[in-house]
Amino acid sequence: MDIQTGQVVRPVSAMESLEKQLSCPICLDMFTKPVVILPCQHNLCRGCANDLYESRNPYHFSGGTFRCPTCRFEVVLDRHGVYGLQRNLLVENIIDIYKQQQESKTGDGEDPPLKDKDAKEPRCKEHEDERINIYCVSCQTPTCSMCKVFGQHKDCEVSPLHAVYQSQKNELRSAVEVLAAANSCVQAVMAQMDDTCKLIQENGELQRRRLGESFDLLYAILEERKGELLEHIDREEQSKVTVLRTLAEQHKQQLQLSNQLQEKLTQSLQACGAAEFLLAAKQLQEEARQATAAAQLQGPEPGYESMEHLSVDTQQVEALLTCMDFRQGGEDVDQDAGRE
């Protein structure tokens, strides 16, 4: 007797205690195979664990989390979901042994377990005192024995409820396993696509780096060639300017001599004596003739100032650069350019 409540407390048998230990904390029934073991060492029916996992992760694509209903430990799953958890074969074997023991006790005429499961079983709507214990194969519905003997299913084909239950349960379990296998395949394909996406991104980054290096090399070549051509222009420009400045200096000197001679001749013309003038006239005329001949220096040739011969034709290179493409496209463009 419980001293606080005054009620008679029935001692719990070892089998009841064992059955309680073998009960799922979600469905409150005995574990159904397969039984999965969580990282916190607690057990769940795989179906119950999957329902709990999908309720927490309705849009999951790869992995997910849920909390253990016994200890609230957060369970982290990979892309395989609940089907990636390890099965607890020990608990499954204990359940098989327990069920065999219960069946052997029932067969020997012993009382069934003290837990009254009949109260949980549904009753027939037509015969309220009768449990639904058979299955009408013709109508595809559960019914009771009275409906088969006196009711609407008396002409139908029936089968034991437990046999049909086990058969359909096995079919459903097979369907679940097939669906689980299909889900695993889908998850594997999704994981493969994720890996492929990562590889594509890595390859894209590699090609971007290679393209940058190739264009940097082109820039370097163009800059080097540009410097060489600029030096050539500078040399020719300096050479022509030097030639013209030398020629200008010669003209300047000749101009000074000519001005001096002109002044000398002007002074001779202004002399008063005819004899003095005539004595120096021939010499002065010769000097004037020589000065006039020397004054006719040649200037630069026409077009000497032009630098057009140093212009660069970049049209072909521009066409090649404009048509530059990736490998296959580049080969096609090169072939077309060669034909042109």
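Residue numbers start at 1 and run along the sequence shown. Basis for what follows: all heavy atoms, side chains included, without hydrogens, waters or symmetry-related copies.
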Could you go step by step and tell me if Leu247 and His251 meet the side chain to side chain contact (heavy atoms under 4.5 Å, CB included) rule?
CA-CA 6 Å; Leu247 187 59; His251 280 275; 3.8 Å; yes
If you apply the rule side chain to side chain contact (heavy atoms under 4.5 Å, CB included), what do you find for Gln256 with Asn259, and how did you get there?
CA-CA 5 Å; Gln256 290 177 353; Asn259 288 334; 5.6 Å; no
For salt bridge (charged side-chain N to carboxylate O under 4.0 Å, His left out), just list the numbers for Glu92 and Arg87, CA-CA rounded to whole Å, side-chain angles, deciding distance to a tenth of an Å, and then say yes or no.
CA-CA 9 Å; Glu92 293 180 8; Arg87 291 178 61 177; 2.9 Å; yes
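Here side-chain hydrogen bond (donor to acceptor under 3.5 Å, both in side chains) pairs that include residues 173-184, with residues two or more places apart or in two chains, are Asn170-Arg173.
Looking at heavy atoms from C-beta onward, Glu157 lies out of side-chain contact with Tyr135 at the 4.5 angstrom threshold. Two residues are said to be in side-chain contact when any heavy atoms from C-beta on lie closer than 4.5 Å; Leu44 and Pro69 meet this criterion. Within the 4.5 Å cutoff, the side chain of Leu38 has heavy atoms near those of the Phe66 side chain. Inter-residue side-chain proximity for Pro39 and Phe73 is flagged as met; some heavy-atom pair is nearer than 4.5 Å.
The minimum heavy-atom distance linking Ser306 with Lys240 is given by the pair O-NZ, 3.0 Å.
Every side chain to side chain donor-acceptor pair (under 3.5 Å) that Glu318 has, sequence neighbours left out, goes to Thr314. Listed by chain and number, the residues in a salt bridge (Lys or Arg N to Asp or Glu O under 4.0 Å) with Glu205 are Arg208 (sequence neighbours excluded). In this structure Asp96 satisfies the side chain to side chain donor-acceptor pair (under 3.5 Å) test together with Lys33, sequence neighbours excluded.
In this structure, Leu244 belongs to a hydrophobic cluster whose other members, linked by side-chain heavy atoms under 4.5 Å apart, are Val243, Tyr304.
Between the side chain of Asn50 and the backbone N or O of Arg46 there is no donor-acceptor pair closer than 3.5 Å.
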Solution key, residues 223-235 side-chain donor-acceptor pairs under 3.5 Å, sequence neighbours excluded:
residue, atom, partner, partner atom, Å
Arg225, NH1, Glu228, OE1, 2.7

